[in-house]
Amino acid sequence: MSRLPPALGFLRKWRHRLGGALAGAPVEAPPRLAVHRIENLAAYRDHIARMGQDAWVQELALADANPDKPFKVEGRCWVDDATVGFAVDYLYAEDLGTRRIPNWRERLVCPLCQMNSRQRACVHLATEYLRLGPDSRIYITEQVTPSYAALRARHPGIVGSEFLGPGIAPGSVNEAGLRHEDVTQLSFPDATFDAILSFDVFEHVPGIRKAFAECCRVLKPGGTLLFSIPFMQDSPVTRTRARFDAAGQLVHDHPPTYHGDPVNPAEGVLCFHDFGWDILDHAREAGFADATALVYRDPAYGYLGGWPILFAATR
Ligand SMILES: [Zn+2]
């Protein structure tokens with residue numbers, strides 16, 4: 001028996017080498033939505049060189065046909081299992097000088113579930129790619145959102161939370177029924193969950209390494225943290241926008257930016273990081289056995305915006 005752990009360790013390494021060899025190729029995925037494993041910036045650039053041009057041409061044509069006015073793109077909402085007209089406008093649009101390109105990631109809003117392209121894809125991948133079933137133990141770092149509602153309909157036992165403020169006991173529930181959790185000090189016991197879902201939250205967490213370590217701790221072995229983040233697709237490294245110094249004072253290394261916060265819409269929430277590809281290294285250093293980007297694109301589902309990226313870190 002004493003020889004077993006090293007043997008298992010070898011198998012684990014071998015499995016990851018195999019995974020590396022398959023990088024960029026469609027991996028085991030739901031039949032209809034192809035998900036590509038991309039493990040570093042070079043592989044991502046290669047993917048875009050091979051498959052990015054068609055996406056760009058298609059999206060430019062859509063924008064050119066509908067300059068500066070709201071329009072609809074027909075497609076299938078996976079969440080509602082219905083064909084709908086996804087609403088696109090020029091909120092958060094990218095300005096190229098002579099024209100603007102819609103922010104496909106944050107628009108393409110379904111008229112039924114009200115979820116944008118990113119949110120629909122996150123729910124889609126969380127269920128199909130992670131192969132989660134009704135009995136899976138799932139934690140999601142949000143509770144007041146359409147994504148939580150959509151996932152709860154499929155996974156009734158899902159646990160959701162919001163960050164309600166500093167100094168609140170992790171795991172406590174307020175009068176409105178909202179659970180407070182801080183991803184750098186979760187209230188859950190070790191090895192509780194099959195999956196953790198965190199969508200556009202980590203950029204607001206100053207201690208990202210601690211957050212990864214905590215997520216790893218409360219996942220069961222083989223469990224996966226699936227997360228989305230605002231991502232600098234062409235940057236090898238993460239840029240720190242803001243941080244707390246040794247004296248606990250907030251320091252801004254770059255002009256502060258705030259994102260929408262469903263719990264606190266009036267103020268928004270500060271962005272601490274602009275993430276780059278070293279996010280995968282941070283996840284491995286925090287204890288995850290495997291960390292990869294997952295890229296997907298499917299106009300039939302209204303998943304546009306080049307090749308959008310999610311991340312998966314498996315304990
Ligand atoms: Zn929908």
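Note that ligands are numbered from 1 as they come in the structure, with each ligand's atoms numbered from 1 the same way. Because the structure is predicted, anything quoted here is derived from the model rather than measured.
Around the Zn ion (ligand 1), the protein N, O or S atoms closer than 2.8 Å are C77 SG, D80 OD2, C110 SG, C113 SG, listed by chain and residue number.
Side-chain N or O atoms of W307 include one that pairs as donor or acceptor with a backbone N or O of M51 at under 3.5 Å.
A salt bridge links D190 to R217: at least one charged side-chain nitrogen sits closer than 4.0 Å to a carboxylate oxygen. A salt bridge links R118 with E106; the closest basic N to acidic carboxylate O contact falls under 4.0 Å. With respect to the salt-bridge test (charged N to carboxylate O, under 4.0 angstrom), the residues D200 and R105 qualify.
For the 3.5 Å distance criterion, the side chains of Y296 and H124 fail to qualify, holding no donor opposite an acceptor.
Counting side-chain heavy-atom gaps under 4.5 Å among Ile, Leu, Val, Met, Phe, Trp and Tyr, the cluster of I101 also holds W56, L60, L62, F71, V73, V84, F86, V88, Y90, L96, W104, L108, L112, L304.
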